[in-house]
Undergrad: 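Before I ask anything, let me first share the structure, which is written out below as structure tokens.
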Amino acid sequence: MPRMTNPPDLRPDLSRAHLTEARRPGQPTIGMVSLGCPKALVDSERILTRLRAEGYGISPDYTGADAVIVNTCGFLDSAKAESLDAIGEALRENGRVIVTGCMGADPDHIRDHHPRILAVTGPHQYEQVLDAVHAAVPPAPDPFIDLMPAAGVKLTPRHYSYLKISEGCNHHCKFCIIPAMRGRLASRPHRAVLREAEKLVESGVKELLVISQDTSAYGVDWPRADRPAGEQPITALARDLGALGAGHDLWVRLHYVYPYPHVRELIPLMADGLVLPYLDIPFQHAHPDTLKRMARPAHAERTLDRIAEWRGICPDITLRSTFIVGYPGETEAEFQTLLDWMDEAQLDRVGCFQYENVAGAASNDLPDHVPEDVKQDRWDRFMEKAQSISEAKLAAKVGQRMDVIVDDIDEDGIATARTKADAPEIDGNLFIDEATQGLAVGQIVKVEVDEAGEYDLWGRLLD
């Protein structure tokens, strides 16, 4: 799963206004720096929610915090370097730092660079994080003042939220160390996920982004007696989330859906409007030899057949994926197969990463590593292909009418919105630059697309 750096305004030194609150006399206060993917962001929200329930305040800056938690990312070596830099910054600006997250699985490496940190805990070790905070900054709750919102503390805008349905992964892809850091698949109970979704909807959330390391594997770790009869657990969950959304004008978006054959069960739910017609699927490559070296149990020819089948059931489906170029042993012929596959697959949204070694990954020991200049050349060629496909697909949307959700309205009245084909932070936007008076963030409105670019759209409001 590639790392996604959160935007700067999710960090407490530049945090959104809704995290800022008055500090009562004597209230201990904690800051949070959250790095990495949305799954790590959910972990940060859970930690802050637990602390807020114990009476801690949340500081929007370093100077106002009695201590700072840095939730690290350790997926790639570049992510580890960014995490170490963030820890160093927190030490300089505050001095009292607790480290958690994926990189916390290697505490000696962190302490070698930053021996002054107060404590290190690993990924999703919530109790250990709380113990470290208690030791550094003892709680001083006031039950008559410290009220906790039903949905907990959120680090995303109020109108959308990530909903984590499982932790860990059972795959052993050679470029990935997530199973070593986060363990095997552990799915949350169906009812627990629905309860959280209901609370989020009650608090005003308009879009649920379903996430995990392997969303389509949700529930396969349960005993067979605990699984729904006649369908996969993810299908039952998606249907129930969709039913919840049907009564509340809610968007349900599925991320990190591995292309198992049973994903086909989800497509009719999209065609029926229960969940968004959007699949985020990490294909990673298209050549069978490259996939074999990656230890990805997938075949490119089968994925093309599945894509055609999905589009036959739901013609409006949007497909997003990520790919790795320059994987050890990748030949020019294998890379060309990937470009040819892209021509055939015509994916709507695409991300691409140049391969890099990760400490502990089996791919480090593979022969025939690709030179850096070749990686860069292939990345450039891949992105040129992806951009041309995106530009053509967006141009075809000019004149269409569609629903969009408003993410932001700037001081000039220009609204930044997203269509059903766009996930926050990773996909494009639709901009509305006229007649936006009366629009509100989180509102779902209908527009007509009147202009298209390489990755973004422009539209006008319809009455």
Undergrad: Roughly how far apart are Leu394 CG and Asp456 CG, rounded to 0.5 Å?
TA: 8.0 Å

Undergrad: Are the side chain of Ser83 and the backbone of Ala79 linked by a donor-acceptor contact shorter than 3.5 Å?
TA: yes

Undergrad: Taking atom types as modelled and ignoring hydrogens, do the side chains of Thr318 and Asp348 form a donor-acceptor contact shorter than 3.5 angstrom?
TA: no

Undergrad: Count the heavy atoms of every other residue, nucleotide or ligand shown that sit under 6.0 Å from NZ of Lys292, and state whether that count exceeds 12.
TA: no

Undergrad: Salt bridge or not for Glu207 and Arg418, using N-O below 4.0 Å?
TA: yes

Undergrad: Find the distance between CG (Leu339) and CD (Glu384) and round it off to the nearest 0.5 Å.
TA: 9.5 Å

Undergrad: Assess whether side-chain contact (heavy atoms from CB on, under 4.5 Å) is satisfied between His190 and Leu194, documenting all intermediate values.
TA: CA-CA 6 Å; His190 181 111; Leu194 282 184; 3.5 Å; yes

Undergrad: Evaluate the side-chain proximity of Asn71 to Val33: yes if any heavy-atom separation is below 4.5 Å, no if none is.
TA: no

Undergrad: Go through the steps for Ile432 and Ile414 under the test side-chain contact (heavy atoms from CB on, under 4.5 Å), then give the verdict.
TA: CA-CA 6 Å; Ile432 310 168; Ile414 297 175; over 6 Å; no

Undergrad: I'd like to check His134 versus Leu130 (side-chain heavy atoms, cut-off strictly below 4.5 Å). Are they in contact?
TA: yes

Undergrad: Would you please test Phe283 and Trp341 for ring-ring contact (aromatic ring centres under 6.0 Å, His included) and show each step?
TA: CA-CA 11 Å; Phe283 289 124; Trp341 186 92; 5.3 Å; yes

Undergrad: Please check: side-chain N/O of Gln213 versus main-chain N/O of Gly168, any donor-acceptor pairing under 3.5 Å?
TA: yes

Undergrad: Say you draw a straight line from CD1 of Ile281 to CG of Leu319; how long is it, rounded to the nearest 0.5 Å?
TA: 6.0 Å

Undergrad: Nearest heavy-atom pair of Ala90 and Val70: which atoms, and what distance?
TA: CB-CG2, 4.0 Å

Undergrad: Is the backbone N or O of Ser321 less than 3.5 Å from a side-chain atom of Arg349, with the two atoms forming a donor-acceptor pair by type?
TA: no

Undergrad: For the pair Tyr278 and Arg320, evaluate side-chain contact (heavy atoms from CB on, under 4.5 Å) and give the outcome as yes or no after the intermediate values.
TA: CA-CA 8 Å; Tyr278 179 101; Arg320 114 167 302 277; 3.0 Å; yes

Undergrad: Output yes when a side-chain donor or acceptor of Asp407 lies under 3.5 Å from a complementary backbone atom of Val441, and no otherwise.
TA: no

Undergrad: Using the ring of each side chain (for Trp, its six-membered ring), is Tyr260 parallel, tilted or perpendicular to Tyr258, with breaks at 30° and 60°?
TA: tilted

Undergrad: State whether a side-chain donor-acceptor pair under 3.5 Å links Ser216 with Tyr256.
TA: no

Undergrad: For a quick test of reading the model, state the closest non-hydrogen atom pair linking Glu231 to Ala236 and the distance between them.
TA: OE2-CB, 3.4 Å

Undergrad: Got a second to check how far Thr337's OG1 is from His287's NE2, nearest 0.5 Å?
TA: 4.0 Å

Undergrad: Please examine the side chains of Leu274 and Met270, heavy atoms only from C-beta on, and report whether any two atoms are closer than 4.5 Å.
TA: no

Undergrad: Does a salt bridge link Lys385 with Glu391, judged by any charged N lying under 4.0 Å from a carboxylate O?
TA: no

Undergrad: Is any side-chain heavy atom of Trp310 closer than 4.5 Å to one of Arg306?
TA: yes

Undergrad: Is the Phe323 to Phe353 ring centre distance short of 6.0 Å?
TA: no

Undergrad: Where do Lys80 and Ala359 come nearest, in terms of heavy atoms and distance?
TA: NZ-CB, 3.5 Å

Undergrad: Would you tell me whether Thr416 and Asn429 have side-chain atoms, one donor and one acceptor, within less than 3.5 Å of each other?
TA: no

Undergrad: Taking only Lys NZ, Arg NE, NH1 and NH2, and the carboxylate oxygens of Asp or Glu, determine whether Asp43 and Lys164 approach each other closer than 4.0 Å.
TA: yes

Undergrad: Do Met32 and Glu45 come within less than 4.5 Å of each other through their side chains, counting heavy atoms only?
TA: no

Undergrad: Tell me whether Tyr160 contacts the main-chain N or O of Trp251 through its side chain, where contact means a donor paired with an acceptor under 3.5 Å.
TA: no

Undergrad: Looking at Arg253 and Leu276, would you say the former's side chain and the latter's main chain have a donor-acceptor pair under 3.5 Å?
TA: no

Undergrad: Counting only N and O atoms by type, is there a donor-acceptor contact under 3.5 Å from the side chain of Thr290 to the main-chain atoms of Ala286?
TA: no

Undergrad: Does Arg264, at its CZ atom, have more than 12 non-hydrogen atoms belonging to other residues, nucleotides or ligands within less than 6.0 Å?
TA: no

Undergrad: With no hydrogens and no angle check, do the side chains of Asn364 and His369 hold a donor and an acceptor under 3.5 Å apart?
TA: no

Undergrad: What is the minimum heavy-atom distance between Ala423 and Leu209, and which atoms define it?
TA: CB-CD2, 4.5 Å

Undergrad: Applying side-chain contact (heavy atoms from CB on, under 4.5 Å), run through Ser78 and Glu356 and close with a yes or a no.
TA: CA-CA 9 Å; Ser78 57; Glu356 62 176 82; 3.2 Å; yes

Undergrad: Any Lys/Arg nitrogen of Glu330 or Arg293 sitting under 4.0 Å from an Asp/Glu carboxylate oxygen of the other?
TA: no

Undergrad: Restricting to non-hydrogen atoms, name the atom on Thr72 and the atom on Thr100 that form the minimum distance, rounded to 0.1 Å.
TA: OG1-O, 2.7 Å

Undergrad: Using only atom types and a distance under 3.5 Å, with no angle test, would you say the side chain of Arg96 pairs donor to acceptor with the backbone of Asp66?
TA: yes

Undergrad: List in chain and number order the residues that pass ring-ring contact (aromatic ring centres under 6.0 Å, His included) with Trp458, two or more places apart in sequence or in another chain; answer none if no residue qualifies.
TA: Phe431

Undergrad: Counting C-beta onward and ignoring hydrogens, is there a side-chain heavy-atom pair between His262 and Ile234 closer than 4.5 Å?
TA: yes

Undergrad: Heavy atoms only: give me the nearest Ile313-Ala271 pair and the separation to one decimal.
TA: O-CB, 3.7 Å

Undergrad: With Val252 as reference, evaluate Val210, Leu163, Leu269, Leu237 under the side chain to side chain contact (heavy atoms under 4.5 Å, CB included) test and give the passing residue.
TA: Val210

Undergrad: Establish, from distance only, whether the side-chain atoms of Gln232 and Glu265 form a donor-acceptor pair under 3.5 Å.
TA: no

Undergrad: Rounded to the nearest 0.5 Å, what's the gap from NE2 on His159 to OG on Ser203? Could you check?
TA: 12.5 Å

Undergrad: Checking salt bridge (charged side-chain N to carboxylate O under 4.0 Å, His left out) for the pair Glu167/Arg188: CA distance, chi angles, key distance, verdict?
TA: CA-CA 8 Å; Glu167 190 60 80; Arg188 297 177 62 197; over 6 Å; no

Undergrad: Could you tell me whether the side chain of Met294 reaches within less than 4.5 Å of the side chain of His285, counting heavy atoms only?
TA: yes

Undergrad: Is there a side-chain contact between Val205 and Arg158 in this structure, where contact means two heavy atoms from C-beta onward sitting under 4.5 Å apart?
TA: no

Undergrad: From Thr303 OG1 over to Glu309 CD, what is the distance, rounded to the nearest 0.5 angstrom?
TA: 12.5 Å

Undergrad: Just by distance, no angles: are the side chains of Asp422 and Thr419 close enough, under 3.5 Å, to form a donor-acceptor pair?
TA: yes

Undergrad: Donor-acceptor pair, distance only, cut-off 3.5 Å: does the side chain of His114 make one with the backbone of Ile110?
TA: no

Undergrad: Assess the side chains of Ser59 and Thr29: does a donor N or O sit below 3.5 Å from an acceptor N or O?
TA: no

Undergrad: Do Ser166 and Ser187 get their side chains close enough for a donor-acceptor pair, meaning under 3.5 Å?
TA: no

